[in-house]
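What follows is a single structure, written as structure tokens, with notes after it.
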2 protein chains.
Amino acid sequence: MNTVAPTPPELPPPLPEPAREELKLETVLAALADPLRLQIIQKLLLESEDYDHPCGWFGFDRPKSSLTHHFKALREAGLIRQRQYGLERRSRVRDEDLEQRFPGLLALVKSWRSPGA
Amino acid sequence: MNTVAPTPPELPPPLPEPAREELKLETVLAALADPLRLQIIQKLLLESEDYDHPCGWFGFDRPKSSLTHHFKALREAGLIRQRQYGLERRSRVRDEDLEQRFPGLLALVKSWRSPGA
DNA sequence: TGTTAAGTTCGATAAAACTCGTACAACGTC
DNA sequence: GACGTTGTACGAGTTTTATCGAACTTAACA
């Protein structure tokens with residue numbers, strides 16, 4: 001019986017991101033201080049169900065260039081990992097890395113009561 | 001036998017601050033995103049030993065007007081409580097309020113490894 | 001009363017950050 | 001190849017934030 005974990009089915013490589021050890025609390029907090037970005041992370045945490053999501057999935061009524069800006073900020077701060085699937089760039093929260101470095105932080109985001117709801 | 005808690009020995013009233021229920025995660029995170037302010041909170045958490053401290057106690061080599069700016073930012077975000085003692089304005093972390101609203105957040109600040117040390 | 005010390009307020013400057021339009025690149029499909 | 005779709009890159013305008021000097025306020029005290 002072979003108990004080796006199955007090889008993941010060829011994922012596209014992640015876009016450039018800081019390594020786990022490079023994550024800085026100041027930077028992570030600054031990234032989360034923006035309400036839209038907080039909302040992005042919260043939605044991913046609450047609704048993503050193990051799938052990565054392109055930024056259209058979020059349903060924000062904002063110009064695309066604004067969204068690019070915020071997703072990039074999140075990625076560069078180390079909050080999300082992004083992979084390119086054809087045209088789409090899908091995002092997921094780096095929950096393991098974040099929990100390891102900043103335990104409890106994501107729980108706070110999860111239970112955030114956003115002003116808009 | 002009287003088990004009533006002793007009346008605290010006449011503290012000066014706190015300067016204006018947001019009530020516990022008014023604390024906003026975005027605002028708190030933004031306040032903590034600045035390295036100097038993060039350092040202020042961390043130092044208070046690690047070394048204050050139940051005393052409030054005037055801003056000279058921190059030993060920052062910055063002009064007074066800069067310090068005023070940051071302490072005010074922390075107070076208005078709800079991170080510290082300040083009381084006036086004669087000429088001094090002493091600060092303490094609002095640990096109970098913060099722990100209640102954002103459990104685990106202060107632990108992250110406590111274990112922060114500041115870039116400068 | 002005059003001096004010192006802690007801290008504020010105001011104002012100017014400078015550096016970041018947010019917002020978004022326009023133009024562009026890449027991939028799929030007809 | 002032309003088109004629609006997803007998203008980026010660049011740049012400009014606007015707002016926020018940080019930094020700090022200078023003048024002021026207040027309390028303590030000799």
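Order of the sequence lines sets the chain letters (A, B, ...), proteins ahead of strands, with each chain counted from 1.
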message: Rounded to whole Å, how long is the line connecting atom CZ of Arg75(A) with atom C1' of dT8(D)?
response: 11 Å
field: For atom CG of Asp61(A) and atom C1' of dT19(C), their distance in whole Å
entry: 13 Å
task: Indicate yes or no: at least one non-hydrogen side-chain atom of Leu67(B) is less than 4.5 angstrom from one of Lys64(B).
output: no
query: Rounded to the Å, how far apart are Arg83(B) CZ and dG7(C) P?
result: 16 Å
statement: Rounded to whole Å, the CD-C1' distance (Gln82(B) to dT8(C)) equals 12 Å
field: Given dG21(C), dT19(D), dG7(D), the nucleotide with the shortest approach to the side chain of Ser65(A)
entry: dG21(C)
message: dG7(D), OP1 or OP2 - any side-chain N/O from Thr68(A) closer than 4.0 Å?
response: no
field: Side-chain heavy-atom pair Phe102(B), Trp112(A) within 4.5 angstrom cut-off
entry: no
query: Roughly how many Å is it from CD in Glu88(B) to C1' in dA28(D), rounded to a whole number?
result: 11 Å
- request: Consider the side chain of His70(B), meaning its heavy atoms from C-beta on, and name the nucleotide among dC20(C), dA18(D), dA6(C) that approaches it most closely.
  value: dA18(D)
task: Scan His69(A) against the nucleic acid and name what it touches under 4.0 Å (heavy atoms): base, sugar-phosphate only, or nothing.
output: base
- prompt: Pick the nucleotide of DNA chain D nearest each of Leu87(B) and Lys72(A); which residue has the one closer to the 5' end?
  reply: Lys72(A)
query: Which whole-number value in Å describes the distance from Leu67(A) CG to dG21(C) P?
result: 12 Å
- line: Per atom distances to the Pro54(B) side chain, the nearest of dG7(C), dT19(D), dC18(C) is dG7(C)
- prompt: About how many Å separate CZ of Arg89(A) and CD1 of Ile80(A), when rounded to the nearest 0.5 Å?
  reply: 10.0 Å
- prompt: Of all the nucleotides listed (dC20(C), dT8(D), dC20(D)), which has the minimum atom distance to the side chain of Arg89(A)?
  reply: dT8(D)
query: What's the verdict on side-chain hydrogen bond (donor to acceptor under 3.5 Å, both in side chains) for Ser91(A) and Gln82(A), showing C-alpha distance, side-chain angles and the deciding distance?
result: CA-CA 4 Å; Ser91(A) 305; Gln82(A) 294 185 293; 3.2 Å; yes
message: Expressed as a whole number of angstroms, how long is the span from Ile80(B):CD1 to dG7(C):P?
response: 12 Å
- request: Report which part of the nucleic acid Arg90(B) touches: base, sugar-phosphate, or nothing (heavy-atom distance under 4.0 Å, all strands).
  value: nothing
task: Measure the distance from NZ on Lys64(A) to P on dG11(D) and round it to the nearest whole Å.
output: 19 Å
query: Salt bridge between Glu88(B) and Arg90(B), side-chain N to carboxylate O under 4.0 Å?
result: yes
